[in-house]
Amino acid sequence: MQWFLGYAQNGLASEVLDLYKRMEFEGICPDAVTYVGVLSSCANLGAQTVGSQVEHRIESSGLSCNPFLKNALINMHVRCGNLLKARGIFDRMSEKTLVSWTAMIGGYGVHGQGEVAVRLFDEMIRSGVTPDQTAFVCVLSACSHAGLSDKGLEYFEAMKNQYKLHPGPEHYSCVVDLLGRVGRLKEARELIDSMPVEADGAVWGALLGACKIHKNVGLAEIAFQRVIELEPENVGYYVLLSNIYSDAGNIDGLVKVRLMMREQKLKKEPGHSYVEHKGKIHLFIAGDREHPQTEEIYRMLDKLEDLMTGVVMAQKNNGDSEKEAVAETGVGVHSEKLAAVFGLLNTDAGTDVVIIKNLRICRDCHLFMKLVSKIVERQLVVRDATRFHHFKNGVCSCKEHW
DNA sequence: CTAGGGTTAG
């Protein structure tokens with residue numbers, strides 16, 4: 001039985017779910033710790049159907065009071081995109097631990113609701129719970145995704161001065177991202193230079209990402225230099241720089257990076273993602289043109305592309321009014337976008353309206369349903385689901401493909 | 001015999 005935690009904690013989520021299925025088949029009754037491992041795996045895979053089944057089993061087995069399980073459930077719902085369910089459990093918890101707060105704050109952050117995350121963080125402090133390094137990572141990243149750079153900087157200062165916590169590279173990478181996204185590249189660079197701890201690849205990578213957004217080729221070259229000293233095998237950074245060159249029309253640079261990659265024998269796997277819909281996992285591969293209606297699908301995506309900017313995917317709950325989901329995705333038409341739209345429609349959080357920029361589209365709108373039904377027609381099922389790509393901020397976390 | 005276990009950016 002300890003395999004469960006072993007597998008779960010080592011990221012072998014699909015193995016956990018396989019084992020769990022076997023247990024069910026053999027009629028073995030799982031205990032609370034087993035459920036924790038299963039739920040954590042569901043969270044990592046975005047397996048919301050299994051997750052909800054497990055939730056029901058927990059309820060009927062009388063384990064639902066277990067605070068560990070409640071936190072695991074919150075996390076599962078958060079990672080499967082169901083913030084409202086997560087919030088429901090959170091609100092009904094009598095004893096909210098730091099972990100409960102952190103999971104919920106991180107959830108809002110990941111789904112682009114920085115303002116809510118910040119409000120919750122302040123509420124946590126008012127309730128007498130002291131944040132730790134993890135909580136600060138969550139709130140800083142929430143601020144960065146929502147463009148709340150000054151608020152984020154305030155938290156960063158409070159972390160050091162008020163809470164006497166030593167920021168690690170993971171905090172610095174958040175703050176570099178926070179500054180970089182809003183174009184404060186100079187400050188981001190200065191922050192890195194002033195770091196009392198060693199910068200890791202993520203710190204320079206965050207700067208490189210900011211250079212991509214703000215088209216700063218010179219600084220990108222510096223950041224890239226540093227980042228590959230630290231992570232020479234990470235293909236994503238090569239791709240990022242080559243895309244920066246490509247955007248700038250710098251063909252020499254582009255060729256240079258491609259040659260570097262060839263010398264290092266680095267190959268970029270095609271970007272892919274999968275999303276669970278009605279119990280089936282659907283796979284999307286970047287640049288995939290296998291479908292007989294590919295032309296139509298891409299025309300539809302081009303239409304969506306025109307309407308989409310930024311990188312936010314959020315769910316808004318306006319109390320009694322209709323529940324809305326906001327979709328905005330990043331640049332380049334590829335599979336992640338399909339999955340992001342798909343995932344958006346897939347939330348069973350009671351979303352009635354999908355907003356793309358200022359265009360309001362009803363959930364049943366034929367534009368969306370046509371797109372979705374076309375994707376569903378393919379009935380692509382993934383067997384080797386090793387890692388679910390989370391729609392952090394509406395965009396898959398994997399790097400852009402060529 | 002029964003502990004263990006939940007939260008972390010790019």
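Here is the naming used below: chain letters follow the sequence lines, and residue numbers restart at 1 for every chain.
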> When you check the phosphate oxygens OP1 and OP2 of B/dT8, does a side-chain N or O of A/His171 lie under 4.0 Å from one of them?
Replying inline: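 For B/dT8, OP1/OP2 do not have a side-chain N/O of A/His171 under 4.0 Å.
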> Does A/Arg181 place a side-chain N or O at less than 4.0 Å from the phosphate oxygens OP1/OP2 of B/dG10?
Replying inline: yes
>> My understanding is that only residues two or more places apart in sequence, or in another chain, count here; which of them pass side-chain contact (heavy atoms from CB on, under 4.5 Å) with A/Val54?
In response: A/Tyr20, A/Tyr35, A/Val38, A/Leu39, A/Val50, A/Ile58
>> I'd like to check the side-chain contact (heavy atoms from CB on, under 4.5 Å) partners of A/Ser60; sequence neighbours left out, ordered by chain and number.
In response: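 By the side-chain contact (heavy atoms from CB on, under 4.5 Å) rule, A/Ser60 matches no residue at all.
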Mind calculating the distance between [atom1] ([X]) and [atom2] ([N]) to the nearest angstrom?
| X | N | atom1 | atom2 | result |
| --- | --- | --- | --- | --- |
| A/Gln133 | B/dT7 | CD | P | 16 Å |
| A/Met124 | B/dT8 | CE | C1' | 13 Å |
| A/Tyr20 | B/dG5 | OH | P | 20 Å |
| A/Lys212 | B/dG10 | NZ | P | 16 Å |
| A/Leu191 | B/dA9 | CG | C1' | 14 Å |
| A/Lys70 | B/dT7 | NZ | P | 17 Å |
| A/Tyr172 | B/dT8 | OH | C1' | 17 Å |
| A/Leu178 | B/dA9 | CG | P | 15 Å |

> In residues 90-107 of chain A, what residues come within less than 4.0 Å of DNA chain B, judged by heavy atoms?
Replying inline: A/Thr97, A/Val99, A/Thr102
Selection from [options] that lies nearest to any side-chain heavy atom of [X]:
| X | options | answer |
| --- | --- | --- |
| A/Ser141 | B/dA9, B/dG5, B/dT7 | B/dA9 |
| A/Asn66 | B/dG10, B/dT8, B/dG5 | B/dG5 |
| A/Val33 | B/dG4, B/dT8, B/dA9 | B/dG4 |
| A/Ser40 | B/dT7, B/dG10, B/dG5 | B/dT7 |
| A/Val36 | B/dG10, B/dT8, B/dG5 | B/dG5 |

> Between the base of B/dA9 and the side chain of A/Ser173, is there any donor-acceptor pair under 3.5 Å?
Replying inline: yes
>> Does A/Glu157 have more than 12 heavy atoms from other residues, nucleotides or ligands lying within 6.0 Å of its CD?
In response: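 Yes, CD of A/Glu157 has more than 12 neighbouring heavy atoms, counting only those of other groups under 6.0 Å.
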>> If the condition is ring pair (Phe, Tyr, Trp, His ring centres under 6.0 Å), which residues does A/Phe68 pass it with, not counting sequence neighbours?
In response: none
>> Please classify the nucleic acid contact of A/Ala135 as base, sugar-phosphate, or nothing, using heavy-atom distances under 4.0 Å.
In response: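 No contact.
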Let me check something: any side-chain donor-acceptor pairs from residues 116-123 of chain A under 3.5 Å, sequence neighbours excluded? List them with distances.
{"from": "A/Asp122", "atom 1": "OD1", "to": "A/Tyr155", "atom 2": "OH", "distance (Å)": "2.8"}
{"from": "A/Asp122", "atom 1": "OD2", "to": "A/Tyr155", "atom 2": "OH", "distance (Å)": "3.4"}

> Is the side chain of A/Ser40 donor-acceptor paired with the backbone N or O of A/Val36 at a distance under 3.5 Å, no angle test?
Replying inline: no
> Which residues satisfy the salt bridge (charged side-chain N to carboxylate O under 4.0 Å, His left out) test with A/Glu95, sequence neighbours excluded?
Replying inline: none
